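Report on one structure; see the data block that follows.
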2 protein chains.
Amino acid sequence: MIQNLSEHQREDLLEALAQGGQKVTPQREVVYAVLLAKRDHPTVDEVFQRARESMPGLSLATVYNCLETFVGCGLVRQVNHERESTRYCPNLAPHAHFRDESTGRVHDIELPAHVLSTLRSILPNGFETDSIEISFHGHTKNSRTHTSN
Amino acid sequence: MIQNLSEHQREDLLEALAQGGQKVTPQREVVYAVLLAKRDHPTVDEVFQRARESMPGLSLATVYNCLETFVGCGLVRQVNHERESTRYCPNLAPHAHFRDESTGRVHDIELPAHVLSTLRSILPNGFETDSIEISFHGHTKNSRTHTSN
DNA sequence: CTGAGGTTTTGAATCATTCTAAACACCCAC
DNA sequence: GTGGGTGTTTAGAATGATTCAAAACCTCAG
């Protein structure tokens with residue numbers, strides 16, 4: 001079962017939504033709480049399943065709506081991998097994604113500023129970037145398990 | 001109308017397919033020729049349309065099959081962008097993609113070796129990469145138009 | 001209380017992609 | 001050349017994620 005949002009988290013949510021002239025609703029709180037509870041890059045459907053545990057009447061379309069809204073106000077980031085269902089993670093520092101082919105799990109990889117600027121430097125003149133996405137594919141050797149966000 | 005493959009190109013095709021124990025077929029030739037003719041990262045459907053001009057009976061499923069085969073033998077690369085249709089480009093040097101949000105066009109960005117190694121260096125221990133995908137989103141200032149491959 | 005506007009719900013619709021089964025085509029052994 | 005066997009192509013149905021449409025809901029301003 002999903003915890004409620006902390007004061008602080010509800011603040012973030014409210015503030016972010018307010019910027020786009022949108023409100024906090026019970027559904028949005030639940031969906032946001034689900035994302036914060038387990039940062040394992042869930043698909044829409046996974047979010048839906050988890051959110052339903054605390055709010056049984058919730059509909060799938062609403063989950064799509066909420067997530068889209070969150071993405072719109074920069075609260076959450078979309079992760080697309082090949083042709084699979086879109087996954088979501090609560091936004092934090094800039095990071096790349098590592099997709100483990102064997103487990104299907106997605107790990108976040110911290111992205112130091114110098115790497116970002118190196119990347120930007122390879123763009124020819126006239127190319128203006130809004131965002132850069134980097135994803136690694138491979139597999140993890142079980143050295144230590146790595147936190148997935 | 002699509003040109004036939006050059007000697008050299010047919011060679012490449014034959015060799016690549018042979019490795020997977022697969023044959024050159026008229027359909028595969030046409031699809032491959034389409035990819036080489038205009039390196040603008042066409043979708044399956046675009047490939048289908050173009051290929052049909054030289055081979056009217058060609059079916060969409062076959063285009064899917066051919067492209068999948070090519071990807072399987074490393075002749076061609078898939079480019080996924082957000083949730084849009086998959087696009088294809090004939091494989092060459094390692095490169096990143098730049099997606100112009102205003103035109104929807106995809107440009108290839110050359111990827112120097114040092115950038116690749118910088119990227120690999122940010123992976124924690126135990127992460128083994130097979131491939132890295134980098135995509136920029138943004139827009140292009142019309143300095144000079146840039147070739148799209 | 002009344003209405004306007006954004007939100008949620010349900011179910012239908014869309015779109016890319018995959019699957020299935022039947023028809024083909026080619027090659028090898030006889 | 002004839003009959004299989006194997007891999008390929010075809011057409012159309014099926015799937016799955018996502019989006020759309022319309023009705024029901026809520027909430028807040030007047």
Side-chain angles (χ1 to χ4, degrees), chain A residues 13-14 16-34 41-52 54-73 75-88 104 106, chain B residues 10 13-14 16-34 41-52 54-73 75-88 99 104 106:
Chain A
L13 179 59
L14 189 130
L17 288 172
Q19 281 191 294
Q22 277 153 118
K23 317 175 222 172
V24 176
T25 69
Q27 289 85 340
R28 285 173 181 170
E29 284 194 25
V30 171
V31 170
Y32 190 49
V34 164
H41 308 83
T43 60
V44 174
D45 216 71
E46 285 162 350
V47 173
F48 180 50
Q49 303 304 339
R50 295 178 198 173
R52 248 171 178 321
S54 16
M55 184 182 269
L58 184 69
S59 84
L60 180 59
T62 301
V63 176
Y64 273 98
N65 287 340
C66 293
L67 290 171
E68 192 194 335
T69 305
F70 295 163
V71 170
C73 63
L75 210 50
V76 153
R77 208 171 128 182
Q78 267 185 337
V79 186
N80 282 298
H81 238 281
E82 311 285 317
R83 206 107 270 292
E84 293 170 10
S85 307
T86 300
R87 295 173 174 280
Y88 293 83
V106 176
Chain B
R10 181 177 282 109
L13 179 58
L14 189 129
L17 287 172
Q19 281 193 295
Q22 278 152 116
K23 319 176 221 171
V24 176
T25 68
Q27 290 84 344
R28 284 173 181 169
E29 285 195 26
V30 171
V31 170
Y32 189 48
V34 165
H41 308 86
T43 61
V44 174
D45 216 69
E46 285 162 351
V47 174
F48 180 49
Q49 303 303 340
R50 295 177 197 174
R52 247 170 178 321
S54 16
M55 184 182 270
L58 185 69
S59 84
L60 180 58
T62 299
V63 176
Y64 273 99
N65 288 340
C66 293
L67 290 171
E68 192 194 335
T69 304
F70 296 163
V71 170
C73 63
L75 210 51
V76 153
R77 208 170 129 182
Q78 267 184 337
V79 186
N80 282 297
H81 240 281
E82 310 284 316
R83 208 107 267 293
E84 293 170 9
S85 308
T86 300
R87 294 172 174 280
Y88 293 83
R99 168 87 200 295
V106 176

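All heavy atoms count here, side chains included; hydrogens, waters and symmetry mates do not. None of the values given here were measured: they were computed from a predicted structure. Per chain, numbering begins at 1; letters A, B, ... match sequence-line order.
Rounding to the nearest 0.5 angstrom, the gap separating the CG atom in B:Asn65 from the CZ atom in B:Phe70 is 10.5 Å. Here the CG atom belonging to A:Asp45 is positioned 6.0 Å from the CG atom belonging to A:Leu60, to the nearest 0.5 angstrom. From A:Thr86, atom OG1 reaches atom OH of A:Tyr64 across 7.5 Å, with rounding to the nearest 0.5 Å. With rounding to the nearest 0.5 angstrom, the CZ atom of B:Arg28 is 4.5 Å from the OG1 atom of B:Thr69.
For B:Tyr64, taking side-chain heavy atoms from C-beta onward, the closest of the listed nucleotides C:dA16, D:dT9, C:dT7 is C:dA16. Listed candidates were C:dT9, D:dT18, C:dT17. Nearest to the side chain of B:Val44 is C:dT17. With C:dA16, D:dG7, C:dT10 as the choices, the nucleotide that has an atom nearest any side-chain atom of A:Ser59 turns out to be C:dT10. When each of D:dT18, C:dT17, C:dT8 is scored by its nearest atom to the side-chain atoms of B:Ser85, the top-ranked nucleotide is C:dT17. Distances from the side chain of B:Ala61 to the nucleotides D:dA11, C:dT17, D:dT18 place D:dA11 closest.
One finds no side-chain N or O of A:Thr62 lying less than 4.0 angstrom from the OP1 or OP2 phosphate oxygen of C:dT8. Side-chain nitrogen and oxygen atoms of A:Arg83 include none within less than 4.0 Å of the OP1 or OP2 phosphate oxygen of C:dA16. For D:dT8, the OP1/OP2 oxygens have no side-chain nitrogen or oxygen of B:Thr25 closer than 4.0 Å.
When heavy atoms are screened at a 4.0 angstrom cut-off, A:Gln22 is found touching the sugar-phosphate backbone but no base atom. Looking at heavy-atom distances under 4.0 Å, A:Asn65 makes contact with a base. Looking at heavy-atom distances under 4.0 Å, B:Gly21 makes no contact with the nucleic acid at all.
In this structure, the CG atom of A:Leu60 is 9 Å from the P atom of D:dT18, given to the nearest Å. The CD atom of A:Glu82 sits 17 Å away from the C1' atom of D:dG16 (whole-angstrom rounding). A straight line from CG of B:Asp45 to P of C:dT17 spans 9 Å, rounded to a whole angstrom. The CG atom of B:Asn80 sits 8 Å away from the P atom of C:dT17 (whole-angstrom rounding). Protein atom CE of B:Met55 is 15 Å distant from nucleotide atom P of D:dT8, rounded to whole Å. As a whole-Å value, the separation of A:Glu84 CD from D:dT18 P is 11 Å. Distance, A:Arg52 CZ to C:dT9 P: 9 Å, rounded to whole Å. One atom, CG of B:Leu67, and another, P of C:dT18, lie 11 Å apart when rounded to the nearest Å.
Each of B:Lys23 and B:Thr86 has a nearest nucleotide on DNA chain C; the 5'-most of these lies closest to B:Thr86.
Residues A:Tyr88 and A:Val44 form a side-chain contact, since some pair of their non-hydrogen atoms from C-beta on lies under 4.5 Å apart.
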